[in-house]
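Taking it in order: structure first as structure tokens, then the write-up.
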Amino acid sequence: MSQASATRGLPVEISGLTKHFGTVLAVDHLDFTVEPGRVTGFLGPNGSGKTTTLRMLLGLVTPNEGQATIGGKFYRDLPNPSGTVGAVLEATSFHPARRARTHLRMVARAGGHDEARADVVLDLVGLTADATRKVGGFSMGMRQRLELASALIGDPDVLILDEPSNGLDPQGIAWLRDFMRYLAGEGRTILVSSHLLAEMAQTIDNAVIVSHGQLKAQGTLESITSGVAQASMHARTPEADRLCAVLDQAATRFRRLAHDVVAVDGTTPEQLGPLLATNQIILYELTNEGADLESIFLSLTSGLGFGGVDQVDQSA
Amino acid sequence: MINTIRAEMLKMRSMPGIWVCFGLAFPLTALLVWAIFASAGGFPGHTYYYVHTLNEKRQLLGAGYYGITFLAPVLGVICITSEYRHKTITSTLVLTPRRERVLGAKIVVTAWWCALMAALALVVAIGVGLPWNAALGGVTSQVTGQLGAVIPGLVGATILLGLFGLGFGTLVKNQVAGILLVIGGTFILEPILVALARAIFHYDLNWLPTSAAQALAGSLARGFGGNHDAISHLLPWWGGGLAMLGWGLIPLTLGYYTTVRRDVS
């Protein structure tokens, strides 16, 4: 994962952010920081408070407590909001009768940017050929691209993307992934929310995991996925039955995946290797499956909890 | 603020709703021009006649006003409710986080488009009315001589009716409900209320939107055929203007505090 040498982004700081909607606590004293030059995934299941948090950051929703700032300032106090922050919030927020270029010219005008930027960003997101088409005829993927173009019109230092891969086909998702990496490579701050873990795992550098409005984990992707006891070792052996007996005796959790494959949970190669050697178990293959983002996410957000994840690399 | 106004101007221009309003203003004005000539005639041997009284000359120039009376508030309603209907309010407020600027820009833009609609109505009235009047034997200079009396009322009343619609739309947010309530309120409910108040309490509800706008329109508000009784109950033109200003500003202020400032979620 790249770390930009020259940083042009601004940090996003969420501090004690809390929001009630009536009796529903949507966001509960949330604290995290998003660094420039990296793609930070803001992950959580539907209804976990991601969108509300992003809307509070952009001044659309007023928090009950705490604050959300960009470069130390509230969004509404930024001298050039759309030149500092580009936001993709919902792909349906277009007038269907408006043409793509007209929409972008309007966005450019509102932000005080050169209207010629409309064609630049249309080209950037691959919509040049559709510039004069009405947005009502656009597919969801095209709307996502147009929304992204709107966010980029002011060449912002910070990009906030709420579920940007919704509705995109695999090709579009791959494009978006490369695009976010490209933008982060320029030193911009990228905060992208999603509930699609497999997709995010290939894109993000850092992750902030929330559930029920509360922070569950944050840090670099590596620190979250590798530094915990959720690693699963897959052992392929002709002596699977004997291995299971040994593991049972050693009170180690395991799962029989196939007649010759056993998954040993909550262990590391350093722990499992000596155990196999001591018991002289023939081994064809031993692979460290690690703990993927999805399994950690599911355990954190389902309330099962994985020891140690909440504490990982808070400073990263 | 200038940037927001420019953006809102383009936003309005790229909405079909506004062109529907303008499209209706054109035939309505032409229809009313026809009605004025028919009204000026109407005696044996003359189906149509050239405009000859002062009222008729002013009515001819301001023919579009009566059509605009319902189109201007609809335009105002569309200006704000389309944001909620198409969920563009989110991106609008992200682009311009200072919400009072958005509302201020919408006031300017509504006023501008309403003034343009009034101007168009005038152009159509002149374009259709003057040649027809001349063909019927009327003197063109006598009609154009009334332009100064007609223009302030036509433009002023149209702008304030637009702001009334904008304020109402800010309050209700729903486009269909806003349009139906504005039209129904001013053209169905208001006449009923006026009639009831007059019959039961012997009181003229002349400060309600249509009556107030009619008072502001001044020279245009004399009804067809020079019926002066039709306006005897109206406020003075400045009173009508103030009442209309209130009908625009009160819902706008209420809408700002109850809707626009609320969370957008």
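Within every chain, numbering begins at 1; the chains are lettered A, B, ... in the order of the sequence lines, protein sequences first and strands thereafter.
- When heavy atoms are compared at a cutoff of 4.5 Å, B:R13 approaches chain A solely by way of its side chain, counted from C-beta outward.
- Using a 4.0 Å cut-off between a side-chain N of Lys or Arg and a carboxylate O of Asp or Glu, B:R6 and A:E115 qualify as a salt bridge.
- Using a 4.0 Å cut-off between charged side-chain N and carboxylate O, B:D263 and A:K19 make a salt bridge.
- Of the listed residues B:T4, B:V94, B:I2, the one with more heavy-atom pairs under 4.5 angstrom with chain A than any other is B:V94.
- Contacts with chain B (heavy atom to heavy atom, under 4.5 Å) involve these residues of residues 77-86 of chain A, listed by number: A:D77, A:P81, A:S82.
- For A:F94 and A:F138, the ring centers are positioned 6.0 Å apart or more.
- Taking the six-membered ring for Trp and the full ring otherwise, B:W113 and B:F22 have centroids separated by under 6.0 Å.
- In terms of heavy-atom proximity, A:L183 sits nearest to A:L152 at CD1-CD2, 4.2 Å.
- Between chain B and the residues A:S150, A:P96, A:A87, the most heavy-atom pairs under 4.5 angstrom are made by A:P96.
- Interface summary for chain A: among B:L95, B:I89, B:I5, the most heavy-atom pairs under 4.5 angstrom belong to B:L95.
- Taking CZ of A:R117 as the reference point, atom CD1 of A:I153 lies at 6.5 Å (rounded to 0.5 Å).
- In this structure a side-chain-to-backbone donor-acceptor pair under 3.5 Å is present from B:S14 to B:K11.
- Judged as a ring pair (Phe, Tyr, Trp, His ring centres under 6.0 Å), and not counting sequence neighbours, A:F74 has no contacts.
- Under 4.0 Å is where a charged nitrogen must lie from a carboxylate oxygen, and between A:D119 and A:R105 no such pair does.
- Residue contact with chain B, scored on non-hydrogen atoms closer than 4.5 Å, involves the backbone and the side chain of A:A110 alike.
- Heavy atoms of B:T90 lying under 4.5 Å from chain A belong to its backbone as well as its side chain.
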